[in-house]
Amino acid sequence: MSDDTTPASDIPPHRYTAALAADIEQRWQDTWEDEHTFWAPNPAGPLADPDAVAATGDKLFVLDMFPYPSGAGLHVGHPLGYIGTDVYARYQRMQGRNVLYTMGFDAFGLPAEQYAVQTGQHPAITTDANIANMRRQLRRLGLSHDPRRSISTTDPEYYRWTQWIFTQIFNAWYDPEQRRARPISELESAFANGSRPTPDGRTWGDMSGAEQRRLLDDYRLAYVSEAPVNWCPGLGTVVANEEVTADGRSDRGNFPVFTRNMRQWMMRITAYADRLLEDLDLLDWSEAITTMQRNWIGRSEGARVDFASPAGPITVFTTRPDTLFGATFMVLAPEHPLVEALTTPDQADAVAEYRRAAAAASDLDRQDTSRDKTGVFTGSTATNPVNGAQVPVWIADYVLMGYGTGAIMAVPCGDQRDFEFARRFGLDIPAIQRPPDAWFADREVAPSLDTSTWPEAFVGDAPYVNSSNDSLSLNDMTSVRDGIATMNSWLSANGAGEATVNYKLRDWLFSRQRYWGEPFPIVYDSDSNPHTLPDEMLPVTLPETDSFSPRTFDPDDEFSEPESPLDRLSDWVEVTLDLGDGPRTYRRDTNVMPQWAGSCWYELRYLDPTNTDAFVDPAVEHYWMGPRTDIRPDHPGGVDLYVGGVEHAVLHLLYSRFWHKVLFDLGHVSSREPYARLFNQGYILANAFTDDRGIYVDATEVVEHDDGSFTHNGTRVTREWGKMGKSLRNAVSPDEMYDAYGADTLRLYEMAMGPLDASRPWETRDVVGMFRFLQRLWRTMVDEDTGELTVDDSTPDDETARLLHRTIDVVGTEMAALRFNTAIAKLVELVNHVTKSRQASGRTPRTVAETMVLMAAPLVPHLAEELWRRLGHVTSVAYCDFPTADPALLVDDEVEMPVQVNGKVRARVMVPADADDETIRAIVFADDGVQRAIDGADPADLRKVIVVPGRMVNLVL
RNA sequence: GCGGGCGUGGCGGAACUGGCAGACGCGCAGGAUUUAGGUUCCUGUUCUACGGAGUGUGGGUUCGAGUCCCACCGCCCGCACCA
């Protein structure tokens with residue numbers, strides 16, 4: 001690392017050094033704060049300044065993903081996206097736009113609590129300290145945030161509204177006819193006035209109050225249910241499906257997760273599955289993220305079919321009801337509730353043993369698709385509804401309880417998994433489709449309906465065979481689509497099933513048995529009915545306590561019971577309230593919300609952070625986030641640019657979209673989607689080094705040798721590669737960079753090292769390149785010895801003027817497209833040119849100097865402000881117009897054209913920019929170099945002459 | 001297995017709709033300043049048996065391919081017995 005702390009007498013006193021940078025940067029940061037430079041005016045509400053709004057152009061809402069304030073502080077990888085959004089926000093302000101740009105903290109949740117437990121400090125204290133440290137580090141970076149809008153999810157003034165939104169969701173139901181959420185009171189009225197029948201047909205008035213309550217509760221978008229949930233003893237809490245990794249462990253802490261039935265809060269996100277899926281088409285998001293959301297929602301069309309059995313109907317979900325005639329057995333998941341009733345005495349031992357083995361096997365083992373199919377016969381049969389056939393019912397672990405109904409009809413000729421299972425256990429495989437000859441040819445088998453010759457199941461369009469009963473025939477139909485449609489209508493006509501849509505997405509488990517989260521705005525009456533608290537009783541503040549640690553268990557103790565820290569606070573739990581029928585005793589809900597709750601709507605609070613009457617003023621929301629139908633007719637509204645990592649592809653982005661849609665349905669926001677455009681930034685990676693024990697050593701202490709080997713304290717270490725962070729001991733803190741070079745250099749380096757969406761390796765030794773560039777830029781207008789300004793009012797020479805305007809043209813385009821790396825490259829070229837061209841006179845034309853400062857301002861705002869001030873301006877550079885290129889200077893009078901001979905460049909000629917084909921040919925053939933390259937051949941003898949005006953000429957011999 | 005992305009100097013990376021491959025930066029080499037080191041500045045820097053060759057490999061389309069098409073190899077990401 002460069003070391004500028006050495007007091008060297010030969011460094012000119014006014015050189016742009018780290019010390020000077022620190023002075024400039026901190027001065028301007030103070031000025032911005034004192035002068036409210038980055039306050040963005042609102043059209044209404046507490047931050048209203050309508051005149052200022054009217055004075056600006058288009059609005060623009062630029063958002064970074066909500067950070068968690070880590071106790072470890074920032075490393076240089078964290079601010080990559082923040083710098084990108086800051087440069088963009090600053091560029092757009094210089095285009096005259098009213099830019100909303102701020103930063104808050106997602107401070108509730110497990111990591112904050114775990115950190116508190118480790119340090120023994122109350123999470124409120126550590127969280128505040130962490131936020132303060134992060135604010136300091138971010139401020140030092142010079143981000144142009146509106147400080148008034150910074151919020152933390154842990155502020156009671158913030159989570160008051162998180163709780164309020166919960167009450168909105170609780171007091172709403174989803175109307176499938178209108179495809180939207182509606183207040184639960186409207187459902188109650190509909191039941192009461194008979195316009196909507198109750199499920200069991202009784203009139204509303206005939207139901208007891210408790211029954212009415214329970215019925216309504218069944219419709220709420222937030223509801224309590226006794227259902228299988230993911231219990232994580234190691235964390236002492238339940239977690240959501242989205243927080244469980246593919247190998248059945250917790251996303252946080254990597255503890256085993258067990259499926260258990262428990263009473264928990266759920267959010268009915270499944271009601272929104274179709275809209276969450278459809279509206280992805282309206283979003284300017286990467287294909288990768290929308291695909292992940294589509295996969296997670298996992299919509300598939302098919303049918304539910306009932307098979308009668310001794311234990312009652314077994315319902316299966318199938319995407320291929322057309323193959324029902326080929327269903328020769330059934331398979332249930334080992335955990336299926338009907339297994340016990342279906343198992344005959346002589347199969348009891350085998351079934352019990354299989355279920356025990358399946359339960360013991362890890363999810364990872366069960367997901368290994370390469371192993372052979374296993375399973376056990378229950379001893380019972382079920383009735384295939386299309387032909388009355390008695391089909392054996394098996395259990396096997398290739399059927400998952402968590403998908404569909406946990407039971408399948410097996411069609412061995414048409415499904416590869418069922419095919420393998422049937423082969424393994426010697427079950428019948430009747431053909432119900434006649435595969436095309438080509439299918440057999442590809443598999444080098446003679447066409448036959450005898451499936452014993454088939455190497456695998458057939459999937460696709462082909463004529464049906466053996467597929468008829470008295471009232472239905474699919475035989476001779478040739479398309480699966482027709483087959484499905486015909487079968488579906490037969491199924492519903494005969495009461496055997498119906499067409500349906502299945503989703504992989506399931507309702508969102510919303511409660512956590514932890515301390516550090518938003519308390520539920522819910523109390524229970526003496527009959528254990530939940531009641532939401534009225535608005536005036538919010539927030540329900542998190543009670544003070546020293547025992548904030550959750551009760552955790554042996555991570556493998558599946559049968560432990562969750563115990564929320566709030567359960568212990570009986571003074572808080574028991575409460576006397578008047579909820580409209582006189583003071584009564586209630587019990588508070590002792591769960592807290594998951595970390596995702598606070599980040600589900602924070603972007604809305606940024607809009608109107610101090611509003612005490614509403615979570616956001618509707619006019620303010622409409623201004624910043626309303627649909628931009630001027631851009632496209634079906635624009636969904638939302639944040640104009642949202643920048644963050646891919647790790648939130650399903651969790652945060654799905655939950656947040658869901659809440660936003662509920663708020664939209666209930667009329668609280670005008671935007672259908674929270675984030676119109678999403679940009680995924682890459683990560684900063686760094687070398688990490690392990691010793692021969694495999695332990696990571698401090699990367700800053702590792703020495704590289706000429707032969708490419710690395711040592712740490714003299715012993716050889718191995719180079720690895722990974723995300724920058726504490727665990728790999730390869731983190732570089734921004735503070736180190738501020739000390740060595742200053743914030744502007746750090747900003748510039750991070751933007752210059754590659755495209756924003758690419759992950760790239762951090763190289764501390766490369767940072768100096770951008771530092772030198774800023775020194776050169778400084779030197780083009782400040783004398784290093786005297787500090788005096790070295791600009792004059794001369795006119796730039798033609799070459800400089802043209803380069804200047806070409807640079808303006810490209811830099812503007814690149815910044816607008818978030819391609820800061822190429823914008824920087826162009827600026828470097830310009831500064832290098834100016835550095836050379838001014839050496840003779842020692843002066844830089846003022847117009848050139850000012851234009852360079854304006855172009856650099858979004859990237860290196862402190863240095864730009866300083867130079868702008870020294871150039872004699874008294875207002876901030878932040879709201880100056882970004883330079884525009886003079887079109888006349890973008891076209892040259894003469895251009896150099898390469899002349900290729902057979903595709904290889906052999907010569908170059910200068911031609912007038914507007915020369916036509918004939919002129920160019922004449923110039924080309926008159927050129928000595930060309931003559932030599934074509935060996936004096938007669939132009940008329942050439943096979944071909946291709947002239948692309950302004951580009952190149954190709955001569956084909 | 002399915003889906004998506006990516007392979008360019010010693011390194012990070014440029015190259016718009018097919019049209020001068022290697023912009024810009026690091027590193028390296030030489031030079032200037034300096035007692036010296038460091039800093040800063042200047043010049044050069046894809047390889048080369050100096051004919052040429054060259055964007056993971058092999059083929060194709062084209063006057064012309066890093067860019068388009070086909071096959072393969074390698075790496076990364078997501079999903080994964082989803083019925």
Side-chain angles (χ1 to χ4, degrees), chain A residues 2-4 6 8-12 15 17 246 286-289 291-292 294-296 298-300 302 316-320 323 331 333 366-371 373 396-400 402-411 414-418 420-421 502-504 646 649-650 708 748-749 752-755 758-773 775-776 779 784 810 813 817 819 821-829 832 835-836 839 896-908 942-948 950-957:
Chain A
S2 120
D3 184 3
D4 287 277
T6 320
S9 53
D10 61 335
I11 291 183
R15 173 163 292 174
T17 58
S286 73
E287 193 61 37
I289 300 285
T291 302
M292 281 189 240
R294 285 198 180 90
N295 288 344
W296 190 264
R299 182 182 203 275
S300 51
V316 301
F317 172 74
T318 175
T319 53
R320 291 291 304 274
T323 62
V331 186
R366 282 185 61 166
Q367 282 171 9
D368 178 4
T369 52
S370 64
R371 77 203 162 101
K373 295 277 180 288
D397 64 6
Y398 79 92
V399 175
L400 308 175
Y403 184 78
T405 61
I408 62 159
M409 62 177 213
V411 182
D415 182 286
Q416 186 57 24
R417 294 156 301 182
D418 300 342
E420 287 168 19
F421 192 83
N502 190 58
Y503 300 92
K504 204 180 103 176
V646 289
V650 276
L748 199 57
Y749 171 66
M753 62 199 291
S759 293
R760 54 318 250 304
W762 177 267
E763 283 291 352
T764 295
R765 70 178 182 190
D766 289 0
V767 180
V768 71
M770 288 300 110
F771 185 56
R772 288 179 193 148
F773 161 69
Q775 288 183 324
R776 287 200 294 280
R779 234 178 349 249
E784 288 193 328
V810 175
T813 311
R819 288 192 296 262
N821 54 328
T822 47
I824 292 166
K826 291 294 170 192
L827 279 175
V828 173
E829 279 183 274
N832 288 352
T835 298
K836 273 171 214 161
Q839 271 163 357
E896 187 190 71
M897 282 179 69
V899 180
Q900 298 180 343
V901 176
N902 289 340
K904 293 287 170 192
V905 179
R906 298 298 181 196
R908 289 160 207 282
L942 294 175
R943 291 244 306 269
K944 213 165 194 181
V945 178
I946 290 127
V947 179
V948 185
R951 287 278 190 196
M952 42 66 67
V953 175
N954 193 9
L955 309 177
V956 185
L957 291 176

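Keep in mind the model is a prediction, meaning the values are calculated, not measured. Numbers restart at 1 for each chain; the letters A, B, ... are given by sequence-line order, proteins then strands. Scope of the values below: all heavy atoms of this structure, side chains included, with no hydrogens, waters or symmetry mates.
- Distance noted for atom C1' between B:rA65 and B:rG60: 11 Å (whole Å).
- Taking atom CZ of residue A:R294 and atom C1' of nucleotide B:rC82, one finds them 17 Å apart after rounding to whole Å.
- In the set B:rU40, B:rA83, B:rA14, B:rU40 carries the atom at the smallest distance from any side-chain atom of A:R772.
- Rounded to whole Å, the distance from CE on A:M952 to C1' on B:rG19 is 5 Å.
- Here the P atom of nucleotide B:rC63 and the NZ atom of A:K944 are 4 Å apart, to the nearest Å.
- For B:rC41, one of the phosphate oxygens OP1 or OP2 lies less than 4.0 angstrom from a side-chain nitrogen or oxygen of A:R779.
- Using a 4.0 Å heavy-atom distance criterion, A:R417 is classed as a base contact.
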For this session: I would like to know whether A:I946 and A:Q900 meet side-chain contact (heavy atoms from CB on, under 4.5 Å); could you show each step before the answer?
Result: CA-CA 9 Å; A:I946 290 127; A:Q900 298 180 343; over 6 Å; no
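- Within 4.0 Å of A:V948, counting heavy atoms only, lies at least one base atom of the nucleic acid.
- No contact: A:D418 has no heavy atom under 4.0 Å from any strand.
- B:rG54 and B:rG9 have their C1' atoms separated by 11 Å, given to the nearest Å.
- Judged by the 6.0 Å and 45° rule, A:K373 forms a cation-pi pair with A:Y398.
- A sub-4.0 Å separation between OP1 or OP2 of B:rC41 and a side-chain N or O of A:K836 is absent.
- We find that CD1 of A:I824 is positioned 13 Å from C1' of B:rA14, with the value rounded to whole Å.
- Across all strands shown, B:rG22 has no partner, as no Watson-Crick or G-U wobble contact with both distances under 3.5 Å is found.
- The CH2 atom of A:W762 sits 14 Å away from the P atom of B:rG13 (whole-angstrom rounding).
- When each of A:S300 and A:P898 is assigned the nucleotide of RNA chain B bearing its nearest heavy atom, the one mapping closer to the 5' terminus is A:P898.
- Across all strands shown, A:Q900 has heavy atoms under 4.0 Å from base atoms, whether or not it also approaches the sugar-phosphate.
- In summary, A:E829 and A:K826 engage in a salt bridge, as defined by a charged side-chain N under 4.0 Å from a carboxylate O.
- Nucleotides B:rG13 and B:rC79 have their P atoms positioned 25 Å apart, rounded to a whole Å.
- Distances were taken from every side-chain heavy atom of A:Y398 (C-beta onward) to each of B:rC26, B:rC81, B:rU40; the shortest belongs to B:rC81.
- Checking B:rC79, B:rA83, B:rG78 against the side-chain heavy atoms of A:M292 singles out B:rG78 as nearest.
- Of the side-chain N and O atoms in A:N821, one or more sit less than 4.0 angstrom from OP1 or OP2 of B:rA14.
- B:rU33 and B:rC42 have their P atoms separated by 15 Å, given to the nearest Å.
- Base pairing of B:rC6 is made with B:rG74, judged by Watson-Crick or G-U wobble geometry with both donor-acceptor distances under 3.5 Å.
- With its glycosidic angle within 90° of 0, B:rG51 is assigned syn.
- Atom P of B:rA15 sits at a distance of 13 Å from the matching atom of B:rC24, rounded to the whole Å.
- Nucleotides B:rC70 and B:rG5, compared at atom P, are 13 Å apart to the nearest Å.
- A distance of about 34 Å separates the P atoms of B:rC76 and B:rA29, rounded to the whole Å.
- Where A:F317 and A:V650 meet RNA chain B, the nucleotide closest to each residue was compared, and A:V650 sits on the side nearer the 5' end.
- Counting atom types as modelled, A:N954 pairs a side-chain N or O with a base atom of B:rC63 as donor and acceptor under 3.5 Å.
- When distances are taken from the side chain of A:P761 to each of B:rC81, B:rG13, B:rG19, the shortest belongs to B:rG13.
- Residue contacts for A:E287: at a heavy-atom cut-off of 4.0 Å it reaches no nucleic acid atom on any strand shown.
- Residues satisfying the side chain to side chain contact (heavy atoms under 4.5 Å, CB included) criterion with A:P755, sequence neighbours excluded, are A:D757, A:A758, A:N821.
- Remark: B:rG1 base-pairs with B:rC79; criterion is Watson-Crick or G-U wobble with both hydrogen-bond distances under 3.5 Å.
- For A:R765, counting side-chain heavy atoms from C-beta on, the closest listed nucleotide (B:rC63, B:rC26, B:rG25) is B:rC26.
- For the pair A:R760 CZ and B:rG13 P, the interatomic distance rounds to 8 Å; values are reported in whole Å.
- Heavy-atom minimum distance, A:M292 versus A:V650: O-CG1, 3.7 Å.
- Considering only side-chain N and O atoms, A:N832 lies under 4.0 angstrom from the phosphate OP1 or OP2 of B:rG25.
- Nearest nucleotide to the A:L400 side chain, out of B:rC81, B:rC79, B:rC26: B:rC81.
- If you take atom P in B:rA53 and the same atom in B:rG64, they sit 15 Å apart, rounded to whole Å.
- For A:V828, taking side-chain heavy atoms from C-beta onward, the closest of the listed nucleotides B:rC24, B:rC63, B:rA14 is B:rC24.
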Exercise. A:F771 and A:L748: side-chain contact (heavy atoms from CB on, under 4.5 Å), yes or no, with the steps?
Worked result: CA-CA 9 Å; A:F771 185 56; A:L748 199 57; over 6 Å; no
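- One can find a donor-acceptor pair under 3.5 Å joining the base of B:rC81 and the side-chain atoms of A:K373.
- Judged purely by distance below 3.5 Å, without hydrogens or angles, the side chains of A:Y403 and A:S300 pair a donor atom with an acceptor atom.
- Glycosidic torsion of B:rG9 falls within 90° of 0, placing the base in syn.
- Residue A:V331 is tested with A:V316, A:I408, A:D397 for a side chain to side chain contact (heavy atoms under 4.5 Å, CB included); the sole match is A:I408.
- When heavy atoms are screened at a 4.0 angstrom cut-off, A:S759 is found touching the sugar-phosphate backbone but no base atom.
- Regarding A:M753, its CE atom lies at a distance of 12 Å from the P atom of B:rA14, rounded to whole Å.
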